[in-house]
Amino acid sequence: MIKALRRKFGIAAPRVAVRTQVAWYWRWLVMILMITLVLALAWWMYDSGRKFAGFDSGQAEHEMARQAELNVRLQTENAVLQHEVTASERQLQIERSTYGDLAKQVKDLSDENTGLKEDLAFFQSLLSAGSKEAVSIYRFNVEPDTLPGEYRYRLLLLQMGPRQKEFQGKLQFVIDVLYNGKKNVMTIPDENGPDLQAYNINFKYYQRVEGSFRIEPGAVAKSVQVRVFENGASEARLMQTVNLS
């Protein structure tokens, strides 16, 4: 019994450690604080390393903001320039169209002036020659127009001499056409067509006649003959032919 007590309470007895009991939430709080401190220290070391290497996050953000502002300004200037370019192109097109119209009007007036001069010279020559011809065809011209198969004609009808009453009649055009190696004859206007009245003529001294006709695309007009009929007559009063090369 004495030996048992010595083993339990004597020098050979096992050591007993006394520890203070800490609540679990305090332990977690200390761990969280330690982890936060470690992360803050790591971020400070990382940021210090970047600054030491020449990289500043604040300066980088400022530069990015400056570049974004510059991009917005350049886009605005680009939009303004595009609007100005579009307006300039539109104005240039208007000026070109106006210039083309003016050039066409000048050409038309020049052609009309030339025609009037020729008509005046012709009338003066007729008066000086004392022509006795009652009705005549002057300056009959046929030329291709802008569209394929379209031709434009011009002629001047005159009435000279002692006859003073108006000449009333109609015009007829006979066209020799070559199409696919075959010759054909085309008469304008068609007797059953709706545009017969467009070829009526009525004048006392002179009448200028202008118009156009169309043939089959791909066909070629070789010659055009104009015939002048007086009302009530079945035979042509006058005829004149123009050969087209």
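- In this structure the side chain of L29 reaches within 4.5 angstrom of the side chain of L33, judged on heavy atoms.
- Sparse packing is recorded around CD of Q197, with 12 or fewer heavy atoms of other residues, nucleotides or ligands lying under 6.0 Å away.
- Rounding to the nearest 0.5 Å places CD1 of I175 at 10.5 Å from CG of N184.
- In this structure, the side chain of Q159 engages the main chain of K165 through a donor-acceptor pair within 3.5 Å.
- Q225 contributes atom CD, which lies 11.0 Å from atom CZ of F173 (distance to the nearest 0.5 angstrom).
- Scanning both residues, L158 and Y206, for their nearest heavy atoms gives CD2-CB, 3.5 Å.
- Considering only heavy atoms from C-beta on, I215 stays 4.5 Å or farther from Y179 through its side chain.
- E63 has a carboxylate O that lies under 4.0 Å from a charged side-chain N of R66, or vice versa, which qualifies the two as a salt bridge.
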Q: Check the pair N141, V242 against side-chain contact (heavy atoms from CB on, under 4.5 Å), reporting the backbone distance first and the verdict last.
A: CA-CA 7 Å; N141 183 30; V242 172; 5.6 Å; no

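- The backbone N or O of T187 lies less than 3.5 Å from no partner atom in the side chain of Q172, so there is not a single donor-acceptor pair.
- With a 6.0 Å cutoff to the six-membered ring centre and a 45° limit on the axis angle, K170 does not count as a cation-pi contact of Y199.
- Follow the hydrophobic side-chain contacts under 4.5 Å out from M239 and you never reach F140; the two are in separate clusters.
- More than 12 heavy atoms of other residues, nucleotides or ligands sit less than 6.0 Å from atom CD of Q67.
- Side-chain contact, Q93 with E89: no donor N or O sits under 3.5 Å from an acceptor N or O.
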Q. Passes side-chain contact (heavy atoms from CB on, under 4.5 Å), F203 versus V209? Steps please.
A. CA-CA 11 Å; F203 65 98; V209 181; over 6 Å; no

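- Taking CD1 from I201 and CD from E230, the interatomic distance works out to 9.0 Å, rounded to the nearest 0.5 Å.
- Counting all heavy atoms, side chain and backbone alike, S223 lies closest to T241 at CB-CG2, 4.3 Å.
- Taking CZ of R139 as the start and CD of Q240 as the end, the distance is 11.5 Å to the nearest 0.5 Å.
- Two residues are said to be in side-chain contact when any heavy atoms from C-beta on lie closer than 4.5 Å; D108 and E112 fail this criterion.
- Closest approach of A221 and L244 over heavy atoms only: O-CB, 3.4 Å.
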Q.
Pair V85, Q82 - check side-chain contact (heavy atoms from CB on, under 4.5 Å), show working.
A. CA-CA 5 Å; V85 169; Q82 287 182 350; 5.6 Å; no

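- Heavy-atom neighbours of E69 CD from other residues, nucleotides or ligands within 6.0 Å: at or below the threshold of 12.
- Listed for the S110 side chain is no donor-acceptor partner under 3.5 Å among the backbone atoms of V106.
- Taking CZ of R237 as the start and CG of L157 as the end, the distance is 11.5 Å to the nearest 0.5 Å.
- One hydrophobic cluster, built from ILVMFWY side chains closer than 4.5 Å, cannot hold both F229 and Y153; they sit in different ones.
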Q: Output, in order, the C-alpha distance, side-chain angles, deciding distance and verdict of side-chain contact (heavy atoms from CB on, under 4.5 Å) for D176 and V185.
A: CA-CA 5 Å; D176 292 334; V185 177; 3.7 Å; yes

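- When the side chains of ILVMFWY residues are joined at heavy-atom separations under 4.5 Å, either directly or via intervening members, F213 and L171 end up in a single hydrophobic cluster.
- Atom CD of residue Q91 and atom OG1 of residue T86 lie 13.0 Å apart, to the nearest 0.5 angstrom.
- Residues P189 and L196 come closest through the heavy atom pair CG-CD2, 3.7 Å.
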